[in-house]
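Data first, discussion second: the structure below is written as structure tokens.
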Amino acid sequence: MDRSSHLSVILDLCPTQWLLSAQPSNPHPLSFDTFLSHLLVFLNSHIAYKHENSLAIFGALPGKSLLFYSSEEAGDPSTAEVVQPDPNSYRFFKTVDQSLVRRISREFDILGQPDTEEPCALVGALTKAICYINRLLHPAQSLSSPEDSANLPDPRILILSVSPDASNSYIPIMNSIFSAQKLKITIDVCKTFGPDSVFLQQAAYLTGGSYIYLEHREALLQYLVMSFLPTPSIRKIITVPTEDKTDFRAACFCHKHVVDVGYVCSVCLSIFCQPVPVCSTCRTKFPMKTLQRLNMTRASSLTGTGASQPSASRPTNGTPAKQVYTGLAANLR
């Protein structure tokens, strides 16, 4: 019998990226309102798939991450939000829809109209999702029979990303990936807008999940239902679309730049974009002959191929942040 499934959804709520996504100049524009309507149908489908399925929704906002909805809080009258009854809709569907829309609208109002936009706290949301799942799986340590262990939910995380990679988040993301591997959590990634994410590609690959870049974003709901609704146990007998190639580049520990060729410390495995005499992590000193040989090799490679420039963390041309926040908050009402 199919096990119950727990789904933690991480929403990338970067206003600037969503504004660029809705531009009519894009081949397939996708507004935040349309995205949210497709997402709610997918979340309701997960709840309806099996009565024992659980759900948690996290929001990655500029500078902070929050828990928007969880099945545990929805079942607790003391913490659940008041939802207006509707005889024409299923109560759990109505609870998810209204709670999520209210929380997103409230957070956009709280952010106000900043002059500059902080980086999106995707790593914080991912960490909270892993901790939330660890709390669900914690009773497994006290279970006495294999039958009890089989009743635990099958955990997975779905990241809906629109922001480009931030090089300084490489180490926290890799630590989160290792934690997810230890807990056997599958991480799926749906890249809704922007360039491919190197770090999220690695997260999906290393945890056995799927990474999908949306080419036809008007078909978002079809991608979600066909690719991310099946549980990991069901995916073993069906073919789930995914990326054929995965970018395994890393970010250096010194400048936080994504590098094609790195220099690894033989003691602590720290990565550097250029040879260094002393490792900044473990303070190991390297022989001068080795440094000279590596510098000569690096100079010849740069002369032949040219140095690669780090990608920007966010676009520089766009509408000011205060206009973006005002537009998104008004559309949600």
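The figures that follow rest on heavy atoms only: side chains count, while hydrogens, waters and symmetry mates do not.
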Flag yes if more than 12 heavy atoms outside Gln222 fall under 6.0 Å of its CD atom; otherwise flag no.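 No, CD of Gln222 has 12 or fewer neighbouring heavy atoms, counting only those of other groups under 6.0 Å.
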
More than 12 heavy atoms of other groups within 6.0 Å of Phe42 CZ: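 Atom CZ in Phe42 is packed in, count exceeds 12.
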
Gap separating the [atom1] atom of [X] from the [atom2] atom of [Y], nearest 0.5 angstrom:
| X | Y | atom1 | atom2 | answer |
| --- | --- | --- | --- | --- |
| Ser45 | Leu40 | OG | CG | 10.5 Å |
| Leu221 | Leu39 | CG | CG | 9.5 Å |
| Leu30 | Trp18 | CG | CH2 | 5.5 Å |
| Phe272 | Cys254 | CZ | SG | 6.5 Å |
| Ile177 | Gln202 | CD1 | CD | 6.0 Å |
| Leu224 | His46 | CG | NE2 | 13.0 Å |

Going hydrophobic residue to hydrophobic residue with side-chain gaps under 4.5 angstrom, can you get from [X] over to [Y]?
| X | Y | result |
| --- | --- | --- |
| Val278 | Leu291 | no |
| Val267 | Tyr263 | no |
| Val261 | Val259 | no |

Test item: [X] and [Y] side chains (from C-beta on) under 4.5 Å apart, heavy atoms:
| X | Y | answer |
| --- | --- | --- |
| Val189 | Ile212 | no |
| Arg217 | Ser21 | yes |
| Leu220 | Phe35 | yes |
| Ile110 | Lys64 | yes |
| Thr192 | Asp12 | no |
| Leu214 | Cys190 | yes |
| Leu67 | Lys128 | no |
| Phe178 | Ile173 | no |

Just by distance, no angles: are the side chains of [X] and [Y] close enough, under 3.5 Å, to form a donor-acceptor pair?
| X | Y | result |
| --- | --- | --- |
| Asn53 | Ser5 | no |
| Ser31 | Thr34 | yes |
| Asp188 | Tyr211 | no |
| His6 | Ser8 | yes |

Tyr170 ring center within less than 6.0 Å of Phe199 ring center: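 That pair passes the under 6.0 Å test.
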
Shortest non-hydrogen contact from [X] toward [Y]:
| X | Y | answer |
| --- | --- | --- |
| His28 | Glu218 | ND1-OE1, 3.1 Å |
| Ala60 | Ala121 | CB-O, 3.6 Å |
| Val198 | Asp165 | N-OD2, 2.6 Å |
| Leu137 | Leu183 | CD1-O, 4.0 Å |
| Lys191 | Ser161 | NZ-OG, 3.1 Å |
| Tyr69 | Ser99 | CD1-CB, 4.1 Å |

Listed partners of Ser227 passing side-chain hydrogen bond (donor to acceptor under 3.5 Å, both in side chains), at least two apart: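 Result, side-chain hydrogen bond (donor to acceptor under 3.5 Å, both in side chains) vs Ser227: none returned.
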
Please lay out, stage by stage, how Leu7 and Ile157 fare under the test side chain to side chain contact (heavy atoms under 4.5 Å, CB included). CA-CA 6 Å; Leu7 175 63; Ile157 297 175; over 6 Å; no

Quick check: does any side chain N or O of [X] sit under 3.5 Å from a backbone N or O of [Y], one acting as donor and the other as acceptor?
| X | Y | value |
| --- | --- | --- |
| Gln17 | Gly194 | no |
| Ser179 | Asn175 | yes |
| Tyr213 | Phe193 | no |
| Ser71 | Leu55 | yes |
| Thr207 | Ile187 | yes |

Whether Glu107 and Arg102 form a salt bridge (side-chain N of Lys/Arg under 4.0 Å from carboxylate O of Asp/Glu) is what I want to check.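 Between Glu107 and Arg102 there is no salt bridge, as every charged N stays at least 4.0 Å from the carboxylate O atoms.
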
Take Ser210 and Arg235, measure what side chain to side chain contact (heavy atoms under 4.5 Å, CB included) needs, and give me the verdict at the end. CA-CA 10 Å; Ser210 298; Arg235 295 181 191 180; 4.0 Å; yes

How far apart are the C-alpha atoms of Gln98 and Arg103, what are their side-chain angles, what is the distance that settles it, and do they pass the side chain to side chain contact (heavy atoms under 4.5 Å, CB included) test? CA-CA 9 Å; Gln98 290 192 4; Arg103 291 297 303 273; over 6 Å; no

Could you go step by step and tell me if Leu43 and Leu100 meet the side chain to side chain contact (heavy atoms under 4.5 Å, CB included) rule? CA-CA 11 Å; Leu43 298 178; Leu100 181 59; 4.1 Å; yes

